[in-house]
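The shown structure was predicted, so the numbers you read here are calculated from the model rather than taken from an experiment. Throughout, protein chains are lettered first and strands after them, A, B, ... in sequence-line order, and every chain is numbered starting at 1.
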Protein chains: 2
Amino acid sequence: MNAEPADPGLLALAQDFREALRHSIYLVRRLDADGELSAAQLSTLKMLMDSSPASAGAGASGSGVRVGEIARNLGVKVPSATEQIIKLERAGLARREPDPNDSRAVRVTLTREGRAAVESANERRNTVMAGILLSLSDDDRAALAAALPVIGKINATLQA
Amino acid sequence: MNAEPADPGLLALAQDFREALRHSIYLVRRLDADGELSAAQLSTLKMLMDSSPASAGAGASGSGVRVGEIARNLGVKVPSATEQIIKLERAGLARREPDPNDSRAVRVTLTREGRAAVESANERRNTVMAGILLSLSDDDRAALAAALPVIGKINATLQA
DNA sequence: CGTTCATAGTTAGGTAGCCTAACAGTTAGG
DNA sequence: CCTAACTGTTAGGCTACCTAACTATGAACG
């Protein structure tokens, strides 16, 4: 199993990082507790927003995101994605349309309300987080900023 | 509402940080999927381990952690803590004993198996994480290491 | 063409973890 | 004492996730 004995410094860093993430979950939980949109739903909406830049409502080729793709992007299984989407649809935040090219597939798009909801929810959470960051020193903020791309890389690793 | 217009850089950092954490949840999820102990249970066990350094089995004053304290440390409500503890107890990983000084209270301690379980689970997760970190550059690792205390501060903010 | 295999989503049923509300027992104060 | 405050547990409910089974469409091939 243990092909790598792994150097102790690396393991220590791994441990500390895991610890930090584990605690951060409660931070996220608190941010998400602020109302209306659950964490999962906000994630889903945000993903939809990122995937369909802005533009068109109806027309073109790539309008909407397929359920399977949503699931993959969110790191969940397809039925879980379906479930979320149905809830969003019922809430009037997303729309499901048949794919003209493949009638097995479903294309999911944000409604205007969905777009507004994710924007306002994001804004509110950002404000709260900014308030927390405000209590840090400049150096601390700089250190945090420097690490974010690294964390991004780590997260990207997982997609592979 | 918006007493603070808040400087745009701070908001951007807040947004990026939130984003990083949001994605990291999937990382944590993957790490925790590796078997036996759920995330919540590992958190609980780890907390118990941290709170009762090592030492005695039965004796002294501070042996064990009270349910309310566990809940506070984990950022959950008391009934949720009770639920976790009962599961751990059934699994033979923790023990519940009446507090000799206050019969309302319950003192929770790890069993030998509990201690072993948290150690091995941690070790396995650390190894996986170390493997991921191995793919980073030295600079990246340094940046990450520098940010961890900052994230720790942020998390500590919440306890207050 | 028509069978067969693969792909896309949905439905059904189950689990974990969290919450609030209601309850029981203990301690402490008037 | 008797009441108020505190510590846990129980009961009931919700969200989000999972696997397995099903439906419907598409695609490949003889």
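Projected onto DNA chain C by closest heavy-atom contact, B:D102 and B:S38 fall at different nucleotides, the more 5' of which corresponds to B:S38.
Residue contacts for A:T82: at a heavy-atom cut-off of 4.0 Å it reaches a base atom on one of the strands shown. A:Q84 comes within 4.0 angstrom of sugar-phosphate atoms only, judged by non-hydrogen atoms across all strands, and of no base.
When rounded to the nearest whole Å, the span between CD1 of B:I25 and P of D:dT15 equals 18 Å. The CG-P distance, from A:N101 to D:dA24, rounds to 21 Å in whole Å. We find that CD of B:E83 is positioned 8 Å from C1' of C:dA16, with the value rounded to whole Å. Taking atom CD1 on B:I86 and atom C1' on D:dT7, their separation rounds to 14 Å, with Å as the unit. Between B:E36 atom CD and C:dT15 atom P the separation is 20 Å, expressed in whole Å.
Distances shorter than 4.0 Å separate none of the side-chain N or O atoms of B:K77 from OP1 or OP2 on D:dG8. Taking side-chain N and O atoms only, B:R29 has no distance below 4.0 Å to OP1 or OP2 of D:dA16.
Counting distance only, with no hydrogens placed and no angle test, the side-chain atoms of A:R104 and the base atoms of C:dT7 include a donor-acceptor pair under 3.5 Å.
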Using the side chain to side chain contact (heavy atoms under 4.5 Å, CB included) rule, take B:L31 and B:M129 through it: C-alpha gap first, then chi angles, then the decisive distance, then the call. CA-CA 8 Å; B:L31 282 178; B:M129 179 63 92; 3.7 Å; yes
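For B:S103, the side-chain atoms get nearest to C:dT27 when compared with the rest of C:dG9, C:dT27, C:dT20.
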